[in-house]
Trainee: 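Handing you this structure, nothing more for now.
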Amino acid sequence: MTAHRTRAATAPGRTPTSLTQGTQDGLTKGGIGESTLRPDGILKVTGEFAYSSDLWHEDMLWGYTLRSTVAHARIASIDTAEALATSGVYAVLTYDDLPTEVKHYGLEIRDTPVLAHGKVRHHGEPVALVAADHPETARRAAAKIRVVYEELPIVTDEASATGPDAVLVHEHRDDHHSGHVPHPNIVHRQPIVRGDAAAAAARADVIVTGDYVFGMQDQAFLGPESGLAVPAEDGGVDLYVATQWLHSDLRQIAPVLGLPEKKVRMTLSGVGGAFGGREDLSMQIHGCLLALRTGKPVKIVYNRFESFFGHVHRHPARLHYEHGATRDGRLTHVKCRIVLDGGAYASASPAVVGNAASLSIGPYVVEDVDIEAVALYTNNPPCGAMRGFGAVQACFAYEAQMDKVAAELGLDPVEFRQINAMEQGTVMPTGQVVDSPAPVAELLRRVKSRPLPPERQWETTEGADVRALPGGLSNTTHGEGVVRGVGYAVGIKNVGFSEGFDDYSTARVRMEVINGEPVATVHTAMAEVGQGGVTVHAQIARSELGVTQVTIQPADTQVGSAGSTSASRQTYMTGGAVKNTCEAVREKVLDIGRRKFGTYHPAWATAELLLEAGKVVTDGGEALADLADVLEGEAVELELEFRHRPTQAFDLRTGQGNGHVQYSFAAHRAVVEVDTELGLVKVVELACAQDVGKALNPLSVVGQIQGGTTQGLGVAVMEEIIVDPVTAKVRNPSFTDYLIPTILDTPTIPVDVLELADEHAPYGLRGIGEAPTLSSTPAVLAAIRQATGLELNRTPVRPEHLTGS
Amino acid sequence: MDFLRPATWQEALAAKAEHPSAVPIAGGTDVMVEINFDHRRPEYLMDLNRVAELQEWEVGEDTVTLGASVPYSRIMESLRAELPGLALAAHTVASPQIRNRGGVGGNLGTASPAGDAHPALLAGGGEVEAVSVRGTRMIPIDDFYLGVKRNALAPDELIRAVRLKKATGPQQFSKVGTRNAMVIAVCAFGIALHPDTRTVRTGIGSAAPTPIRATTAEEFLTAALEEGGFWDNGKAVPPAVARQFADLVAGAANPIDDVRGTASYRRHALAVMARRTLGWTWEQYRGKQQDERNQPCA
């Protein structure tokens, strides 16, 4: 292989290695459509897999981040003398130590200080950095840094942020949204107006309004933020880190360090989950600054407590909806207003606003709409990307509304949805025509037609099995007070980056003969965060190149950008790039074959040729040559970019525009049992039906759907970061008090996979990772509503909401 | 931080006498969290894992002597008949991994109102064996909890064991958390029927500064059962009695609003748990009475 990397003097330990995979039994092809197993699966379940927190380097130092203890304050002074004088401390850095004029970063708006400058805007904001020879020394030294805060008034919601005397979170905005927003504490505003909602309302037989609240969810990935920065001899830095998009990080890191991008060499380290929480930078710049300052490798690992401050969360939201319908069950119009709390820095807020607005009415046909979505700047924790990205909050609200309208009309809630379900050809509120299958009514039919799980499954001959009851092992009921409820929901999510973003991915593919066998090597910068790209890329290479052995190289910045592992886009985009490059490599291989062997058989010139099972074959199945012979002494390597169809920005006034690439749909039926006296919930079953276009790896597809479903369940019944409304401080930054579902909280999740090809996408596939996270939450809420008869306009539901106490 | 590793109980007592600030650690499920969060930086940490006798228990005629470090998983497996309330409580402690490490001594040492063992210990009744180089004190469990995370141990004392009354009647434990496993208590309730003394004892967790008994509720129920001759006639407890008992349990609590739940929910949930667990224990007691009546030569 070509050596692209300038290595540090001593190589770090526990860095990523290539994953070489054959087929499990040597008999199956291991191509697309097969449930091949993850190449890193055994390593992960046996604890051998090297996560970024396991990185190690001889002589490395440990970095530690001092964070603000208040939400909004002027920094009167920072005294680092005592910390610096601590034995074992190599460096203490503050804003004043930043090496260049670039002192801020951000995904879209560069509003986030690398280290706080003059003021802090949220609880947990980085203020200073320490590097020491032991993590404990670094932490203790940081505790000796004396920061004097002069507290400022805080803004925490729409009323306080946009009221007459509101304190401005950012006083001198000059970003590209600042010109069109109605208030400087609004990051971005996106209206969508189509048809005439007021006139349509006059035709409605029933009008239903509702106000909804969505709590702040955390990605709660299990591997905390971590990485290792190693200073290089050329004055650059090698950074090993767990992230979602290496090149986006690079674009933000390099200017702050004052280095050209080629001198910041990034390698993806083992990522323990992401869910959007690694789109923004965490320790990347901090680690590099400390490494370059000290001349030593620096490792930073957040603990769980710090992780809650180390990444953005899902936007909490307040949503107001008005739905109208005629007696025969047809929606006349939807008006809605979605207020997302973006917290102190912009992060992905503008894009979340675009999604929330454009997907705000759900997968339904509504011609007359009046929609507005805004994201606020407040002094709450910054919020940004999380699985579902703006569509989750909207789905919770519009699906509650659909149930209310159905009830008002006396219609079955599923039937009412089916009457209004969109299909291929439906026009979105943005004016975009949905030009691939949209089997919304069919997905609902499938979850509804599934037999219900048996009643009273907790009853055994030896008495009640508490594990099957609300409260579980806590032994709160043996059946008393338990009522079953069933609820339905369906959602729509966009796939890929939208609104005119130049979204592309790059793949480098090499084909050669090693030990007499044709093998392929795939090199991309795709962040494997658990989604299974490393599995799927090998499958694609096998299908396209007719090889068995495929090596997936570690993701790094020595190859072009793969874009973000988010927006359900990686199989579509980097999978598409691998397919695209493999096709070009195949043509080159065939050219070599024609050159070497073309004279031996006329089919070389006339037939459609494929690569299969290590041979060049005609479309009629006749073998023309062994790939090993074709490639003997020659290797083929190409690096190509792949793009999806271009999209357009949404008009800032009307919201019109072909903003999205592809849509993804899932439906859920939730069956819950609620202890109505104690307000405790057991989700018994969460059935899902989803259209995936084409399942490249059916096992992974089901895994994604079950994972997304469970994350949706979490925010229905337990997951919430609680921010004190008076101090804007996080009250539960731990897994003791931020609860995520255990296996006992996770129901049976039967999955029904549809494969209706999208002709615009590689293999007809549809991005799948997010859609199940949308409808899961409102389905659970609907089921709890049915069991309790309560209105429940907020998620997550807490026991006191169900008991009125 | 110095790490002390006594090989024997005598060495441990001597070390504690010499360093009264030493924090004992066995399973570490409380101590390590506090250290990891930097909530506490003890000068000395004393590892008791080499003291084998702390992991032992002994079932006597009327009592069980339970070593301070006997892990919850052993209590669940081996002492279900003798200490049913504590076994049920043990089942709700954290995760299987933590149940394999943590023991009652840690719960008592920390004395958090949220410790899962406390309501069962209060309801079952017993004494804490507090030992120092000066000698051994038996501290009744009712006198052990003094304040938020404060207990009756002297600085030089270590908990060797708890001496618990063997169950003479049904016991139950119930805990509310907002997750179906591995959850810290929003509030918890323990109840034990003591047919030998014709009394009922209770324990409330996470709903007052310390674990407490609902003594007014106990007295009311004990009196009501006596008056109605229920211990003998084995009749069902009238709903009105159960309701009043539940209300008195809720009234005994002194909960707060916090990130885990509201005070009013805690009171409400305690009443529900008190009513239900009374029902379960009393039905079990009646069932046993009837079985005994049905045996001709009992």
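Numbers restart at 1 for each chain; the letters A, B, ... are given by sequence-line order, proteins then strands.
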Trainee: Could you give the distance from CG (A:Leu678) to OG (B:Ser174), rounded to the nearest 0.5 Å?
Mentor: 7.0 Å
Trainee: With a 4.5 Å cut-off on side-chain heavy atoms, are B:Gln172 and A:Asn475 touching?
Mentor: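 Yes, close enough: below the 4.5 Å cut-off.
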Trainee: Rounded to the nearest 0.5 Å, how far does CZ of B:Arg179 lie from OG of A:Ser474?
Mentor: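 That separation rounds to 10.5 Å.
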Trainee: Can you tell which part of A:Leu680 gets under 4.5 Å to a heavy atom of chain B, answering side chain, backbone, both or neither?
Mentor: side chain
Trainee: Can you tell me which of A:Gly472, A:Pro796, A:Pro470 forms the most heavy-atom pairs within a distance under 4.5 Å of chain B?
Mentor: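 Answer, by heavy-atom pair count under 4.5 Å with chain B: A:Gly472.
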Trainee: Taking atom NZ of A:Lys44 as the centre, report whether more than 12 heavy atoms of other residues, nucleotides or ligands fall under 6.0 Å from it.
Mentor: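 Check passes, neighbour count above 12.
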Trainee: Looking at B:Tyr265 and A:Gly804, would you say the former's side chain and the latter's main chain have a donor-acceptor pair under 3.5 Å?
Mentor: no
Trainee: Does atom CD of A:Glu791 have more than 12 heavy-atom neighbours, drawn from other residues, nucleotides or ligands, at distances under 6.0 Å?
Mentor: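 No.
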Trainee: Where does B:Asn36 contact chain A at under 4.5 Å (heavy atoms): side chain, backbone, both or neither?
Mentor: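 For B:Asn36, the backbone is the part near chain A, not the side chain.
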Trainee: Do B:Asp38 and A:Arg140 sit within salt-bridge range, that is, some charged N less than 4.0 Å from a carboxylate O?
Mentor: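 No, this pair does not count.
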Trainee: Does any backbone or side-chain atom of B:Val183 lie under 4.5 Å from a heavy atom of chain A? Answer side chain, backbone, both or neither.
Mentor: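 For B:Val183, side-chain heavy atoms alone lie under 4.5 Å from chain A.
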Trainee: So, taking the atom named CG in A:Asp745 and the one named OG1 in B:Thr178, what distance separates them when rounded to the nearest 0.5 Å?
Mentor: 9.5 Å
Trainee: Salt bridge check: are A:Glu480 and B:Arg275 linked by an N-O gap of less than 4.0 Å?
Mentor: no
Trainee: In terms of heavy-atom pairs under 4.5 Å with chain B, which of A:Val466, A:Val681, A:Thr742, A:Thr476 leads?
Mentor: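 Most heavy-atom pairs under 4.5 Å with chain B: A:Thr476.
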Trainee: Using heavy-atom distances under 4.5 Å, tell me whether A:Ser734 contacts chain B through its side chain, its backbone, both, or neither.
Mentor: side chain
Trainee: For B:Lys149, is the NZ atom crowded, meaning more than 12 foreign heavy atoms sit under 6.0 Å from it?
Mentor: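 For B:Lys149, atom NZ is not crowded (no more than 12 foreign heavy atoms under 6.0 Å).
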Trainee: What I'd like to find out is whether the side chain of A:Ile740 reaches to under 4.5 Å of the side chain of B:Met182, using heavy atoms alone.
Mentor: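 They are not in side-chain contact.
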Trainee: Students often mix this up, so state it plainly: with edges at 30° and 60°, are the rings of B:Phe37 and A:Phe305 parallel, tilted or perpendicular?
Mentor: perpendicular
Trainee: For A:Ile722, is it the side chain, the backbone, both or neither that has a heavy atom under 4.5 Å from a heavy atom of chain B?
Mentor: side chain
Trainee: Can you tell me which of A:Asp724, A:Asn732, A:Thr477, A:Ile743 forms the most heavy-atom pairs within a distance under 4.5 Å of chain B?
Mentor: A:Thr477
Trainee: Salt-bridged, A:Glu136 to B:Arg41, with N to O below 4.0 Å?
Mentor: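 Yes.
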Trainee: Kindly indicate whether the side chain of A:Lys682, heavy atoms from C-beta on, has any atom under 4.5 Å from the side chain of B:Asn180.
Mentor: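 When only atoms from C-beta onward are counted, B:Asn180 and A:Lys682 do touch, with a gap below 4.5 Å.
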Trainee: Quick one: of A:Glu677, A:Met718, A:Arg731, who has the most non-hydrogen atom pairs under 4.5 Å with chain B?
Mentor: A:Glu677
Trainee: Side chain, backbone, both or neither: which part of A:Arg467 has a non-hydrogen atom closer than 4.5 Å to chain B?
Mentor: neither
Trainee: Please find the pair of heavy atoms, one from A:Ser805 and one from B:Ser264, that lie closest to each other, and give the distance.
Mentor: C-OG, 3.1 Å
Trainee: Considering residues, nucleotides and ligands other than B:Arg74, do more than 12 of their heavy atoms fall under 6.0 Å from its CZ?
Mentor: no
